[in-house]
Amino acid sequence: MGYCPNTPDDIRDMLAAIGAASVEELFAPIPAELRAKSFELPPGMSELELMRLMREKAASCGADITPFIGGGIYDHFIPAAVDHLASRAEFYTAYTPYQPECAQGTLQALYEYQTTICRLTGMEASNASLYDGGTAVAEAALMSLRITDRHKVIVDASVNPLHREIVTGYLHGLSAQAVQVAPDGCASDLAGLMAAIDDETAAVIVQSPNFFGSVQDFRELAQKAHDHEALLIVSCYPIALGLVASPGEMGADIAVGEGQSLGNHLSFGGPYFGFIATRKRFIRNLPGRIVGETVDHQGRRGFVLTLQAREQHIKRHKATSNICSNQSLCALRGLIFCASLGKKGFEDLAQLNYDKAQYAKSVLGAVRGIDLLNSGATFNEFTLALPKDGAEVVQRLLDKGVAAGVPLGQYYPGMERALVVTVTEKRTKDEIDRLALLLEEVLWS
């Protein structure tokens with residue numbers, strides 16, 4: 001977004017409009033002892049000098065580090081069209097589209113976003129986005145409580161631990177119970193999850209690929225949940241859906257996920273957006289807002305907000321959520337990203353992630369002392385067992401300009417020597433080979 005400073009004429013006009021003779025008079029009501037004595041600004045720079053300085057500052061913040069970190073947030077290539085279109089004033093400055101007569105562009109874009117999420121997840125209805133992936137999982141859990149009128153949710157412990165923490169916090173405030181089932185190595189313990197389901201269960205929450213990178217099929221689990229009139233909630237990684245079975249194909253009732261990988265920059269942690277989609281019969285329990293298609297009084301196609309079960313529109317005790325500022329600009333970026341790639345491009349992107357990760361598994365698995373812990377299929381993440389503490393290894397590699405992955409000790413006691421490595425389409429063969437060499441050096445020097 002461009003920066004346009006005020007001209008002297010602009011400043012004069014604004015001062016005249018508010019009745020102040022000067023900028024000094026404008027700030028006169030502020031006591032002298034509270035005013036800034038000096039901003040300690042350096043001398044002015046040319047654009048070229050300033051850009052050079054900012055690049056140096058960025059490099060000092062680790063912007064030049066090669067990332068092999070995932071864990072829910074991923075370093076993907078973003079086509080230039082995403083930044084360009086999402087920065088148009090019609091989208092960039094738009095607020096909640098309460099008035100359809102003057103917000104058709106925003107409403108249509110969100111309608112197309114909903115369609116895209118449904119096609120990705122294999123579900124029948126989507127809302128117009130959520131805050132992030134973690135709150136999306138929690139909102140799905142709340143949906144299951146409303147739909148089943150039960151108070152027990154079973155959570156697979158191979159779901160992202162940060163997301164599990166959010167779910168636990170949400171349910172605690174409602175006196176609902178979250179029962180966690182430990183993973184079986186790096187995979188979901190399907191037998192354990194099915195054994196935990198009973199007639200008090202509202203939902204089972206699983207993730208694929210899970211936090212360890214393992215991909216699993218939950219069809220049998222879905223059937224078991226449905227036999228007890230419980231729901232299956234699947235948290236998914238959208239890029240992986242170009243290659244692996246969708247939640248809808250596996251029998252899920254609700255699909256959720258973090259949308260950052262769809263055209264949103266890493267940005268030191270946000271803002272991102274969460275997505276949620278479900279079966280049509282559950283649409284009235286979706287949180288947030290939904291854009292629907294209609295016709296105006298002249299019979300022309302149009303779009304409106306519909307089924308807005310938020311506390312701003314109905315009685316609070318009947319609202320499904322209070323989601324308002326739902327990161328719809330980030331969701332718009334997701335739509336533009338998907339439209340830019342198209343169906344074939346999206347599938348090619350997923351395949352490229354898978355292929356590069358498979359190469360990395362073979363190279364890193366050959367390093368002395370390293371073992372691959374995933375026994376089944378993975379997508380673009382996998383878990384390594386190291387002969388040394390994972391956090392220590394990661395820190396030493398950071399000093400060499402590589403973020404090697406996510407050490408698991410802080411999330412899973414007993415896995416202090418385990419490391420989750422992520423390889424996206426942006427990682428090159430040379431970067432993967434260099435990681436292998438640096439790992440051997442750090443482990444054995």
Side-chain angles (χ1 to χ4, degrees), residues 1-58 60-61 63 80 82-110 113 128-132 135 264-273 288-289 291 296 302-305 308 310-316 319 321-333 335-336:
M1 197 172 182
Y3 170 63
C4 301
N6 297 314
T7 67
D9 288 341
D10 292 334
I11 296 172
R12 232 178 347 260
D13 291 342
M14 287 189 286
L15 289 171
I18 61 177
S22 65
V23 173
E24 289 71 24
E25 183 180 324
L26 176 64
F27 292 107
I30 302 176
E33 65 272 16
L34 297 180
R35 296 186 206 171
K37 303 300 185 294
S38 170
F39 292 105
E40 299 180 357
L41 296 176
M45 296 182 182
S46 67
E47 181 180 358
L48 180 63
E49 292 170 324
L50 183 60
M51 291 300 292
R52 182 181 297 119
L53 174 66
M54 296 309 294
R55 280 193 292 269
E56 292 172 358
K57 296 287 187 183
S60 69
C61 294
V82 178
D83 286 335
H84 177 74
L85 293 175
S87 297
R88 287 185 61 89
E90 301 96 315
F91 295 125
Y92 206 93
T93 61
Y95 185 55
T96 302
Y98 290 120
Q99 298 172 280
E101 65 273 15
C102 59
Q104 284 299 293
T106 298
L107 287 167
Q108 182 172 359
L110 292 176
Y113 158 82
S129 83
L130 298 171
Y131 295 128
D132 55 26
T135 52
N264 283 269
H265 297 283
L266 296 175
S267 302
F268 293 93
Y272 303 143
F273 76 94
R289 61 196 184 196
V291 178
D296 65 11
F303 301 91
V304 293
L305 289 181
Q308 301 175 72
R310 295 189 291 152
E311 88 295 345
Q312 294 166 298
H313 300 113
I314 64 175
K315 295 177 181 178
R316 284 193 175 189
S321 79
N322 65 350
I323 287 172
C324 183
S325 300
N326 62 350
Q327 321 296 35
S328 59
L329 183 63
C330 297
L332 172 70
R333 294 181 63 93
L335 169 64
I336 298 169

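Residue indices begin at 1 and follow the sequence shown. This is a predicted model, so every value here is computed, not measured.
- Looking at every heavy atom in both residues, Phe273 comes nearest to Ser129 through CD1-CB, 4.3 Å.
- Annotation: Lys37, atom NZ; neighbour count of heavy atoms from other residues, nucleotides and ligands within 6.0 Å is above 12.
- Interatomic distance, CD1 of Ile11 versus OG of Ser22, reported as 11.5 Å (0.5 Å rounding).
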Report, one line per pair, each donor and acceptor closer than 3.5 Å where one atom sits in a side chain of residues 42-51; sequence neighbours left out.
| unit_1 | atom_1 | unit_2 | atom_2 | d |
| --- | --- | --- | --- | --- |
| Ser46 | OG | Glu49 | N | 3.2 |
| Ser46 | OG | Glu49 | OE1 | 3.2 |
| Glu49 | OE1 | Ser46 | N | 2.9 |

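- The minimum heavy-atom distance linking Val82 with Ile336 is given by the pair CA-CG2, 3.8 Å.
- The two residues Ala109 and Leu332 make their nearest non-hydrogen contact at CB-CD1, 3.7 Å.
- Considering CZ of Phe91 and OG of Ser328, their distance stands at 10.5 Å, rounded to 0.5 Å.
- Among all heavy-atom pairs drawn from Ala86 and Leu329, the shortest one is O-CD1, 3.7 Å.
- Between Leu34 and Ile30, the shortest heavy-atom distance links the atoms CB-CG2, 4.1 Å.
- For the pair Leu107 and Val291, the tightest heavy-atom approach, listed with the atom from each and the gap, is O-CG1, 3.3 Å.
- At distances below 3.5 Å, not a single donor-acceptor pair connects side-chain atoms of Arg289 with backbone N or O atoms of Ala128.
- Gln108 contributes no side-chain N or O that, together with a main-chain N or O of Phe303, makes up a donor-acceptor pair within less than 3.5 Å.
- Evaluation of the side-chain hydrogen bond (donor to acceptor under 3.5 Å, both in side chains) rule for Glu90 yields Arg88 as partners, not counting sequence neighbours.
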